[in-house]
Number of protein chains: 2
Amino acid sequence: MTASTGETRGEKKERTRRSILDSALVLCEDSSLVALSLRQVAKEVGIVPTAFYRHFDSIEDLGLALVDESFVSLRAMLRAIRRSDGTVPTFTEIVDRSVVTLEEHVHRHRGHFRFIARERAAGPPAVKARIHHEIQLCERELATDIARLPGTDHWSAEDLHVLSGLIVTAMVATAEAIVDAGGRPEAEKRVSDVARTQLRMVLIGALSWKSEP
Amino acid sequence: MTASTGETRGEKKERTRRSILDSALVLCEDSSLVALSLRQVAKEVGIVPTAFYRHFDSIEDLGLALVDESFVSLRAMLRAIRRSDGTVPTFTEIVDRSVVTLEEHVHRHRGHFRFIARERAAGPPAVKARIHHEIQLCERELATDIARLPGTDHWSAEDLHVLSGLIVTAMVATAEAIVDAGGRPEAEKRVSDVARTQLRMVLIGALSWKSEP
DNA sequence: AGTTTCGGTGTACGCATGTTCACTCAAAGC
DNA sequence: GCTTTGAGTGAACATGCGTACACCGAAACT
């Protein structure tokens with residue numbers, strides 16, 4: 001359209017698709033997917049409304065793609081936290097590294113985190129379900145990670161999952177709070193300090209936890 | 001309109017207002033306030049669209065009223081939990097009573113809890129701010145309650161608030177999960193069992209917590 | 001009894017929405 | 001070189017939206 005550069009057809013389509021995803025993420029920033037119109041997106045992207053259908057069946061379909069995309073970056077974050085470099089870390093180290101990593105990634109992918117936080121509660125049913133499912137996957141992965149830590153040998157699978165659920169809940173809330181901090185450093189620091197303390201409290205509780213036989 | 005019974009003007013207005021609030025709560029059940037139109041509400045209530053303005057300035061204004069209403073019932077719940085009858089309860093007793101009370105109230109005010117869970121993340125800015133403020137009030141009240149428990153004498157005000165923030169976060173998540181359980185008893189039981197365990201973990205951690213001097 | 005107040009009505013407006021359909025026109029495939 | 005494919009176009013539609021305005025009629029006030 002703009003440039004006559006050698007650009008394969010598939011590449012151009014992919015560019016438009018990206019543009020739609022990005023514009024949608026920005027446009028529903030203050031409201032929700034359920035209040036986002038196909039025409040708004042099309043106008044922002046610079047295509048005619050009907051061209052939207054070449055890429056997505058509906059706004060809901062677009063939403064599912066955004067969920068997938070968001071969780072790709074989230075998974076990258078979790079992998080980064082998990083890379084513990086062989087050295088057996090103290091709990092404090094785990095906590096500090098986790099919170100710092102979270103803070104960093106929320107900062108880099110603010111749009112995605114905002115999107116997930118919103119649509120988790122307010123999105124179309126299919127979108128909500130997908131998000132819920134992905135979060136459950138995170139809980140499961142965290143549970144297996146915790147099981148590898150020393151001192152959790154006598155834990156039941158049930159208790160492991162309960163604990164990881166609690167931690168994930170706290171981390172989700174922390175991510176929301178960091179997003180709400182809006183980039184102001186002092187507000188973000190307060191949030192991450194609180195998160196660190198909360199995680200330590202939970203882990204201290206977990207260490208003295210005894211599974212019922 | 002329907003009945004020619006002796007009904008004062010103010011009473012009738014109040015009835016219509018209630019009807020608007022109730023209808024709005026139902027209509028935005030699957031979507032959000034930001035996707036709710038004045039005309040939908042008017043049609044559901046059985047009045048003409050312009051009559052809406054006799055009661056609220058806008059949908060956002062309606063939303064604020066719904067927030068207030070929701071937190072009235074929430075406050076009632078918290079008061080019920082707090083009524084600890086003089087006898088010094090064990091932590092287990094506190095936990096069990098709290099979760100049971102929460103479960104009961106979510107069941108009774110499902111609509112309100114759903115509304116808060118959604119609009120907290122997706123509502124119009126003013127609505128989000130009001131909800132955020134009300135939740136902070138809950139955290140503060142919980143903090144002063146915790147301060148009255150034995151074993152927390154050496155805690156700093158900061159740590160108290162961090163702990164109550166964690167507990168409130170967990171309880172909000174629990175409330176959402178109960179709502180999502182959709183009334184199926186076995187699902188609800190699973191959720192409340194998890195919540196009980198999580199609260200115990202947190203409290204055990206809190207008991208062995210030492211404030212930094 | 002006369003007047004005011006005020007929920008609720010009905011019409012009308014300009015604008016945005018999702019979706020349809022027939023189309024262009026350049027890259028891709030033969 | 002000719003044909004096919006398919007992303008993007010542009011006009012048209014029925015419907016829904018928020019809001020403005022003049023109006024009604026019964027309760028409330030004087």
Side-chain angles (χ1 to χ4, degrees), chain A residues 1-24 26-66 122-127, chain B residues 1-24 26-65 123-127:
Chain A
M1 186 204 210
T2 46
S4 61
T5 76
E7 194 183 21
T8 176
R9 194 127 99 164
E11 283 170 352
K12 182 166 163 49
K13 177 167 187 181
E14 183 53 31
R15 249 204 340 166
T16 307
R17 194 187 134 94
R18 270 252 51 79
S19 191
I20 291 177
L21 288 166
D22 293 344
S23 297
V26 170
L27 281 172
C28 76
E29 193 88 318
D30 34 27
S31 61
S32 162
L33 259 192
V34 295
L36 181 63
S37 81
L38 182 156
R39 286 179 111 104
Q40 279 176 61
V41 177
K43 181 180 290 182
E44 178 80 8
V45 172
I47 58 176
V48 95
T50 49
F52 176 90
Y53 293 112
R54 300 289 182 193
H55 303 272
F56 301 100
D57 283 349
S58 62
I59 291 288
E60 177 171 322
D61 191 25
L62 202 184
L64 291 176
L66 281 173
V127 172
Chain B
M1 186 205 206
T2 46
S4 60
T5 75
E7 193 182 23
T8 175
R9 194 127 97 165
E11 283 169 351
K12 181 163 165 47
K13 176 167 187 181
E14 182 54 31
R15 246 197 350 158
T16 307
R17 192 187 136 95
R18 271 251 53 79
S19 192
I20 291 177
L21 289 166
D22 294 344
S23 298
V26 170
L27 282 173
C28 75
E29 193 89 320
D30 35 27
S31 59
S32 162
L33 259 192
V34 295
L36 182 63
S37 81
L38 182 156
R39 287 178 110 104
Q40 280 177 62
V41 177
K43 182 180 289 183
E44 179 79 9
V45 172
I47 58 176
V48 94
T50 48
F52 176 90
Y53 292 113
R54 302 289 182 195
H55 302 273
F56 301 99
D57 284 348
S58 61
I59 290 287
E60 176 170 324
D61 190 27
L62 202 183
L64 291 175
V127 171

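FYI, side chains are in, hydrogens and waters are out, and symmetry mates aren't considered; it's all heavy atoms of this structure. Within every chain, numbering begins at 1; the chains are lettered A, B, ... in the order of the sequence lines, protein sequences first and strands thereafter.
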Q: Would you mind telling me which of D:dC21, D:dG10, C:dG7 lies closest to the side-chain atoms of B:Thr50?
A: D:dC21
Q) Can you name the residues that form a salt bridge (charged side-chain N to carboxylate O under 4.0 Å, His left out) with A:Glu29, not counting sequence neighbours? A) A:Arg114
**Q.** Whichever of B:Leu36 and A:Thr16 has its nearest DNA chain D nucleotide further upstream toward 5'
**A.** A:Thr16
Q: Report the residue (B:Lys13 or B:Arg39) whose heavy-atom-nearest nucleotide on DNA chain C is the more 5′ of the two.
A: B:Lys13
Q. Of A:Lys43 and A:Arg54, whose closest DNA chain C nucleotide lies nearer the 5' terminus?
A. A:Lys43
Q: Provide the full list of side-chain hydrogen bond (donor to acceptor under 3.5 Å, both in side chains) pairs with a residue in residues 49-66 of chain A, sequence neighbours left out, each pair given once.
A: none
Q. Are B:Ser37 and D:dC17 close enough that a side-chain N or O sits under 4.0 Å from OP1 or OP2?
A. yes
**Q.** Contact state string [nucleotides 25-30 of chain D, B base, S sugar-phosphate only, - no protein heavy atom under 4.0 Å]
**A.** -BBS--
Q) Can you check the A:Ile47 CD1 to C:dT24 C1' distance for me, whole Å? A) 16 Å
**Q.** Between P of C:dC6 and NE2 of B:His55, the distance in whole Å
**A.** 13 Å
Q: Check the pair B:Ile47, B:Ile20 against side-chain contact (heavy atoms from CB on, under 4.5 Å), reporting the backbone distance first and the verdict last.
A: CA-CA 10 Å; B:Ile47 58 176; B:Ile20 291 177; 4.2 Å; yes
**Q.** Rounded distance (Å) that lies between atom P of D:dG16 and atom CG of B:Leu38
**A.** 15 Å
(Q) Categorize B:Ser58 for me: base, sugar-phosphate, or nothing, with a 4.0 angstrom heavy-atom threshold over every strand shown. (A) nothing
Q: Nearest 0.5 Å please: distance from the OG atom of A:Ser19 over to the CD atom of A:Glu14.
A: 11.0 Å
